[in-house]
Amino acid sequence: MSDALDPPLAAFVADCRAALAADPGPRGRNRVRERLEAALATPGFVDAHVDPAGPERHVLYRDGELGFVVLAHSYRAAGEARPHDHGPSWAIYGQASGETEMSDWTAVVPAAEGRPGTARYGRSYTLRPGMAFLYNEGDLHALKRAGPTRLIRIEGTDLSAVRRFSWRPE
């Protein structure tokens, strides 16, 4: 990650910072989600920031003051993730290319140290290019990719350093 951001990414980050500084809760996060959808629709933004041949997880920006992280994700093959949450954080998934089938889940038996939680399926929906979805703290979700996809994801905190519990379907 370079300290110098290109102008479109710098403007996007500035909008995110302003929204989260004004309201770090769900309303501010929803403003960030809306701004991400606008960025995804901006010609050239995705191609400039999400390399289809790049790593699966690449940090584009890490905010030292507010703690949020902007990531580029490039997946070259089909994949699936079991129900999960983002621990003490929120996350916004922005579909850049391809499609991701998302599903929402409800906790039945909470996860605990040394014991996965149990979750019940709720609903499924498809993220298509240009769409973004917010998952607040504790929102259980799962995903499935049928082929190559690219995403821009924003985490409320750097999740690579956060310990999370596992979940299994009921």
Side-chain angles (χ1 to χ4, degrees), residues 12-13 15-16 19-20 23-47 49-52 54-61 68-111 116-160 162 164-170:
F12 172 72
V13 164
D15 287 348
C16 293
L20 294 170
D23 183 349
R27 274 199 339 226
R29 298 168 194 169
N30 192 54
R31 286 189 191 106
V32 171
R33 182 198 61 76
E34 291 169 347
R35 181 60 186 105
L36 179 54
E37 285 186 341
L40 293 169
T42 301
F45 188 86
V46 169
D47 289 337
H49 300 103
V50 191
D51 181 355
E56 283 192 1
R57 177 185 167 100
H58 172 70
V59 175
L60 297 173
Y61 174 78
F68 71 93
V69 180
V70 180
L71 302 145
H73 290 280
S74 294
Y75 300 105
R76 287 176 274 296
E80 193 169 346
R82 292 172 55 140
H84 65 282
D85 62 15
H86 294 279
S89 184
W90 52 269
I92 300 170
Y93 289 69
Q95 194 73 33
S97 68
E99 293 186 349
T100 302
E101 180 185 325
M102 302 297 290
S103 55
D104 292 341
W105 296 73
T106 301
V108 176
V109 176
T118 303
R120 179 177 298 130
Y121 170 80
R123 69 180 180 121
S124 291
Y125 45 97
T126 302
L127 289 183
R128 293 183 174 83
M131 297 173 71
F133 203 89
L134 166 64
Y135 297 93
N136 285 302
E137 299 90 342
D139 287 348
L140 291 175
H141 55 283
L143 58 93
K144 185 189 299 188
R145 300 179 305 274
T149 60
R150 292 186 292 164
L151 301 163
I152 293 178
R153 192 168 67 140
I154 304 170
E155 302 172 344
T157 188
D158 186 351
L159 293 174
S160 67
V162 172
R164 298 183 280 166
F165 295 118
S166 63
W167 294 85
R168 64 174 179 237
E170 182 178 55

Can you list the steps and then say if Glu155 with Ser89 is a side chain to side chain donor-acceptor pair (under 3.5 Å)?
CA-CA 7 Å; Glu155 302 172 344; Ser89 184; over 6 Å; no
I want to check something: taking the side chain as every heavy atom from C-beta on, are [X] and [Y] in contact at a cut-off of under 4.5 Å?
| X | Y | result |
| --- | --- | --- |
| His84 | His141 | yes |
| Pro169 | Pro83 | yes |
| Leu71 | Val69 | yes |

Mind listing the closest non-hydrogen atom pair of [X] and [Y] along with its distance?
| X | Y | result |
| --- | --- | --- |
| Ser74 | Gly54 | CB-O, 3.9 Å |
| Glu101 | Ser124 | OE2-OG, 3.8 Å |
| Ser166 | Ala111 | O-CB, 3.7 Å |
| Ser97 | Pro129 | CA-CG, 4.0 Å |
| Ala39 | Phe12 | CB-CD1, 3.9 Å |
| Gly130 | Glu37 | O-CG, 3.3 Å |

Check against side chain to side chain contact (heavy atoms under 4.5 Å, CB included), Thr157 and Val162:
CA-CA 8 Å; Thr157 188; Val162 172; 4.1 Å; yes
Keeping [X] on the side-chain end and [Y] on the backbone end, is there a donor-acceptor pair under 3.5 Å?
| X | Y | answer |
| --- | --- | --- |
| Asp139 | Asn136 | yes |
| Thr42 | Ala38 | yes |
| Arg168 | Arg82 | no |
| Arg153 | Gly94 | no |

Looking at [atom1] of [X] and [atom2] of [Y], how far apart are the two atoms once the value is rounded to the nearest 0.5 Å?
| X | Y | atom1 | atom2 | answer |
| --- | --- | --- | --- | --- |
| Arg31 | Leu134 | CZ | CG | 12.5 Å |
| Ile152 | Leu36 | CD1 | CG | 6.0 Å |
| Trp105 | Tyr121 | CH2 | OH | 8.0 Å |
| Ile92 | Trp90 | CD1 | CH2 | 4.5 Å |
| Phe133 | Leu127 | CZ | CG | 7.5 Å |
| His49 | Arg150 | NE2 | CZ | 12.0 Å |

Apply the test side chain to side chain donor-acceptor pair (under 3.5 Å) to residues Asn30 and Arg27: give CA-CA distance (whole Å), side-chain angles for both, the deciding distance (0.1 Å), then the verdict.
CA-CA 5 Å; Asn30 192 54; Arg27 274 199 339 226; over 6 Å; no
Is it the case that Tyr125 and Asp104 place a side-chain donor and acceptor less than 3.5 Å from each other?
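Yes, because at least one side-chain N or O of Tyr125 sits under 3.5 Å from a partner of the opposite role on Asp104.
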If we ignore angles and hydrogens, is there a donor and acceptor under 3.5 Å between the side chains of Thr100 and Gln95?
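Gln95 and Thr100 do have a side-chain donor-acceptor pair below 3.5 Å.
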Quick one: do Glu137 and Arg29 make a salt bridge, cutoff under 4.0 Å?
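Here Glu137 pairs with Arg29 in a salt bridge, since their nearest N and O are under 4.0 Å apart.
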Start with the C-alpha gap between Leu151 and Val50, add the side-chain angles, then the distance that decides, and say whether side chain to side chain contact (heavy atoms under 4.5 Å, CB included) holds.
CA-CA 7 Å; Leu151 301 163; Val50 191; over 6 Å; no
Quick check: Phe68 with Tyr61 (ring centres under 6.0 Å apart)?
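Centroid separation for Tyr61 and Phe68: below 6.0 Å.
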Check the surroundings of atom CZ in Arg120: do more than 12 heavy atoms from other residues, nucleotides or ligands lie under 6.0 Å from it?
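12 or below, so no.
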Passes salt bridge (Lys or Arg N to Asp or Glu O under 4.0 Å), Arg33 versus Asp15? Steps please.
CA-CA 11 Å; Arg33 182 198 61 76; Asp15 287 348; over 6 Å; no
Got a sec, which residues hit ring-ring contact (aromatic ring centres under 6.0 Å, His included) with His73, two or more places apart in sequence or on another chain?
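Here the qualifying residues are Tyr75.
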Are Tyr135 and Leu140 close enough, and set up right, to give a side chain to side chain contact (heavy atoms under 4.5 Å, CB included), and what steps lead you there?
CA-CA 8 Å; Tyr135 297 93; Leu140 291 175; over 6 Å; no
